[in-house]
Amino acid sequence: MPSTRLTLTLNTNRTTKCPLLIPSDLLLPTSSLTPLRNLVLKTATSKLRLKKPTRIFDVLTGKELLTFEDWTTALRDPDNTLAISAGEDFVGVPRKDARDRHPDANPECPVHVLVEDAPVDQLALTQLRTTATTLPGMVAATGQPDLCPGTKYPVGAVFASRGWVHPPLIGGDIGCGMAWYRTGLSRGQVDGEKGRKVAERLRGVEGSWRGREERSAWLRDGEGSCEAGGEWDASVGTIGAGNHFAEIQVVEKGVEGTGMVENEVVLLVHSGSRGYGGSILKRYTAEGRESLKEGSEKMVVYMEEHHRALRWAKANRDLIALRFLSCLEPGEEAWLLGRNTQTDDATTDIETIVRARAKIQERKVVDIWHNNLERVNWPPSLIEDTATSNTGLEAKISEISITKGEARDDYVFVHRKGAAPTYDPEHNLPLPILPLPGSRGTPTLIIKPTFSEETGWGLKNALSLAHGSGRSMSRGKALSYLGSKYKHQSAALLEPGAKEGTWVICDEKELVFEEAPEAYKDVYAVSSDLVREGVAEVVGLCKPRVSYKVRNEAR
Ligand SMILES: Nc1nc2c(ncn2[C@@H]2O[C@H](COP(=O)(O)O)[C@@H](O)[C@H]2O)c(=O)[nH]1
Ligand SMILES: [Mn+2]
C-alpha cells in the first residue's frame, strides 16, 4: 500500500500548514493508533510550532480522530487536512460532503462580502461561506467589514434563512447591543484632567442593583414582565465581562434632529442579556441538533424565549444608564433610583420605577440589538404608495417593506451576530443613525443607513451594517502579544496619552490587553467599506473620554 499524503493545519489558524506523508504500515488494521498519533502530533510540534498538541480533527467533518475507523475515514479522501488542537474544541464549520448534506442546504446560497479596505481573516471567510452553504434554508449571507472568526460561526455576519432558524448563529449573548443616551454634561466637564474626576465619580455601579422586587418592577415593559428568574435577574443593570462597556463620549460632530449635539456629552452602553441568553442557547444545543424547523414546537418556544431575552437586554442597558446617570448628574432626582440602598429588602413604590424607566427613554437616542433573530419581508422592496411616491427618495425609503409579508415565500429569518440593523423593528422604519464604535481609544462614528435600488433596498447588506470595527487580533493573541509589548507600561494603557484621550476603568489585568485599541481593526477602514458599498454614510463623530469596563469597588 502506498503512503498517504495529507496536510496538517493549526485548529486556530488555518493559514499555518505543513504536508505529511503517513507510511502505509501505520495504517494496518492490526496496528496500534499510538505511533500514528505520535507522528502527527510530533510533526505539528516541529513544523506548525504548536507547543502542546493534544487533539486531532478531520477538517472536512469536524470530527475528532479517536478510533481506527475515524482515521481510515479521514484518510480516505486524497489530500485531506487534519486540524491540530492544543486542547480546544474544533474551530470552524465542518464542510460536509454531498452525502451528508442537509436536504434543505443551499450550496448556491449567495454570499456578499462588503470588505475591501478592512483586513479580513481567511478563517472568518471560510466560516461565512461554509455556514451559508451547509445549514438548512439559507437564502443569503453577508460578511460586514468588521467580519472576524468566531468559535464556529463568524462575527460581523448576517444570515437569512427560510423555513429554519439556527440559534447558535446569534450566539449566547442574545440581545447584546448598543444604546446611546444624552447626559447633562458638556465637553468642558470631561475633557483632559476633568475626565479623571468623572471617572472617579463612577462608583456604585457594580454588583446587583437593589432588591428583588425593585428588579422585578424594572423588568416590566409595554408587553408585561420579562423577568428571567432570580439567578439571572440579579445581574440586571450590570455591564458584564469581555468587551462590554459603558463609555462617556464627547460629540465632536453632531447630527441635527437626532439628539447628538456638538460639544455635548453622551453615554454609549454596550451590554446584553448576561448569563440569561447563554442559558437559553445551552438548552437548545444540548442535544447537538442546532437547527430548528419553522413551526416546530421547539422553534416556537425558542422564538418566545429569544424575544424575552431581547427585552431583558434592553431593560439591562436602560438600568446601566440609570446607574451611570445617578453618578454623572447627582443632583437630578429622577436618577436617585440608580443608587443602591443599604438593605436588599428596601422597596420603592412601583410608580417611581415606572417613572424612572420612562425618564430614561427621554434621554435615549438610539438602542439596537446586534445579536438577534428577526422575521423580515424578503426580498426588501419599496411599497408603491401614491401618497409618498412623488415626494422624493427620503419619503420612499420610509416605506420599505420590512416586516409585512405573510406568505411563506415572502419572509426570511435574519440572523445577526455582531451586525446592526438598518431599521427600527418596532416602528418598521429606517433608523436615522447608528453607532459604529472603534475601540476605547478611537472614535465612534455616527453612521446613517442608506437604501437604494443598487443595493437591492437592503438585500446586499441583509438590512444590516457593521456593529463595530471588529477584532484584528483574537483575545489570546492580544493577551500574549500586547501583554508582552506593554509589560512594564500597562498602567499607561489606562490613561489618556493626550488631552483628547480616554480614562479607562478596567481593574481586570488580562482585559486591559485583550481590549486594547490595537486589538481592533481601523474603524475608518470599516466605514469606508460601508460607504463604498453604498449601504451607509458617515454623518457625525464622537470621541471617548471615560471608558468603563470593570471596577473593583473595594479599592
Ligand atoms: N467605543 C468603544 N468601542 C469598543 C470598546 N471595546 C470594543 N469596542 C467596539 O465595539 C464592538 C463590540 O463588539 P461585540 O462583538 O463584542 O459586540 C467591537 O467590534 C469594537 O469595535 C470600547 O471600550 N469602547
Ligand atoms: Mn455585543
Side-chain angles (χ1 to χ4, degrees), residues 118-121 124 144-151 153-158 170-180 199 239-252 266-274 277-278 309-310 313-314 316-317 320 367-372 416-421 434-447 464-475 478 493-494 496 501-506 508 511-527 530 541-550:
V120 62
D121 191 302
Q144 299 287 342
D146 57 341
L147 186 72
C148 43
T151 318
Y153 302 109
V155 181
V158 196
I170 66 162
D173 196 359
I174 302 171
C176 188
M178 296 201 185
W180 253 325
I239 296 173
N243 52 357
H244 296 128
F245 59 85
E247 193 166 277
I248 294 162
Q249 308 179 327
V250 172
V251 182
E252 297 282 350
V266 290
L267 174 70
L268 179 64
V269 176
H270 171 216
S271 189
S273 54
R274 308 287 278 104
L310 295 187
K314 259 192 191 191
N316 185 37
R317 288 192 282 278
I320 293 167
D367 186 350
I368 54 102
W369 295 299
H370 55 222
N371 293 351
N372 73 330
R416 295 191 178 93
K417 170 69 178 177
L434 284 166
L436 182 67
S439 70
R440 67 187 187 213
T442 51
T444 292
L445 307 182
I446 309 176
I447 56 171
S464 312
L465 294 174
H467 79 311
S469 54
R471 299 197 75 92
S472 60
M473 266 179 230
S474 67
R475 286 182 176 280
L493 283 179
L494 305 179
T502 318
W503 297 94
V504 180
I505 299 154
C506 182
E508 209 178 282
L511 215 50
V512 173
F513 303 115
E514 288 171 0
E515 291 303 318
E518 275 176 78
Y520 285 97
K521 300 185 200 181
D522 174 6
V523 69
Y524 289 106
V526 171
S527 69
L530 295 175
L541 172 95
C542 296
K543 285 190 179 165
R545 286 291 178 273
V546 179
S547 193
Y548 188 111
K549 299 256 189 226
V550 60

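Nothing fancy with the numbering, it's 1 onward along the sequence. Because the structure is a prediction, the values reported are computed rather than measured. Order of listing sets the numbers, starting from 1, for every ligand and every atom in it.
- Protein heavy atom nearest atom 6 (N) of ligand 1, with residue, atom name and distance: K549 NZ, 3.4 Å.
- When only interatomic distances are considered, the shortest N/O to N/O separation between C176 and ligand 1 does not fall below 3.5 Å.
- The residue K521 has no part lying near ligand 1, judged by heavy-atom distances below 4.0 Å.
- N371 places no side-chain N or O within 3.5 Å of a backbone atom of I174 that could act as its donor or acceptor partner.
- Using a distance-only test at 3.5 Å, with no hydrogens or angles considered, a donor-acceptor pair links the side chain of K521 to the main chain of L147.
- The shortest contact between atom 11 (C) of ligand 1 and any protein heavy atom is with M178 CE, 4.0 Å.
- Taking only non-hydrogen atoms, the option from G156, G438, G468 nearest to atom 9 (C) of ligand 1 is G438.
- Counting only heavy atoms of the protein, atom 12 (C) of ligand 1 lies nearest to H270 CE1, 3.5 Å.
- For the Mn ion (ligand 2), the N/O/S atoms of C176 include one lying under 2.8 Å.
- Shortest contact from atom 22 (C) of ligand 1 to any protein heavy atom: R440 N, 3.3 Å.
- Counting only heavy atoms of the protein, atom 8 (N) of ligand 1 lies nearest to F245 CE2, 3.7 Å.
- Of the N and O atoms on the side chains of S469 and D146, not one donor lies less than 3.5 Å from an acceptor on the other residue.
- If you number the atoms of ligand 1 from 1 as listed, the ones under 4.0 Å from a heavy atom of G470 come out as 19 (O), 21 (O).
- To the nearest 0.5 Å, atom CD1 of residue I239 and atom CD of residue E247 are 10.5 Å apart.
- The shortest non-hydrogen separation linking A478 to M473 is CA-SD, 3.7 Å.
- Nearest protein heavy-atom neighbour of atom 18 (C) of ligand 1: Y520 CE2, 3.5 Å.
- Side chain of S439 to main chain of G441: a donor-acceptor pair is present (N/O by atom type, distance under 3.5 Å, no hydrogens or angles).
- Remark: distances from the non-hydrogen atoms of T444 to ligand 1 include one below 4.0 Å.
- Only side-chain heavy atoms of S547 come within less than 4.0 Å of ligand 1; its backbone N, CA, C and O stay farther off.
- Residue-ligand proximity: R471 is placed with every non-hydrogen atom at 4.0 Å or more from ligand 1.
- Side chain of H467 to main chain of G418: a donor-acceptor pair is present (N/O by atom type, distance under 3.5 Å, no hydrogens or angles).
- No side-chain heavy atom of L436 sits under 4.5 Å from any side-chain heavy atom of Y524.
- Within the cation-pi definition used here (under 6.0 Å to the ring centroid, within 45° of the axis), R440 does not qualify as a partner of F245.
- Note: T444 OG1 to K543 NZ = 11.5 Å, rounded to the nearest 0.5 Å.
- Among protein heavy atoms, atom 13 (O) of ligand 1 sits closest to H467 NE2, 3.1 Å.
- Residue side and main chain included, H370 places an N/O/S atom under 2.8 Å of the Mn ion (ligand 2).
- The pair R471-E515 meets the salt-bridge criterion, with a side-chain N (NZ, NE, NH1 or NH2) lying under 4.0 Å from an Asp/Glu carboxylate O.
- Among protein heavy atoms, atom 1 (N) of ligand 1 sits closest to E247 OE2, 2.8 Å.
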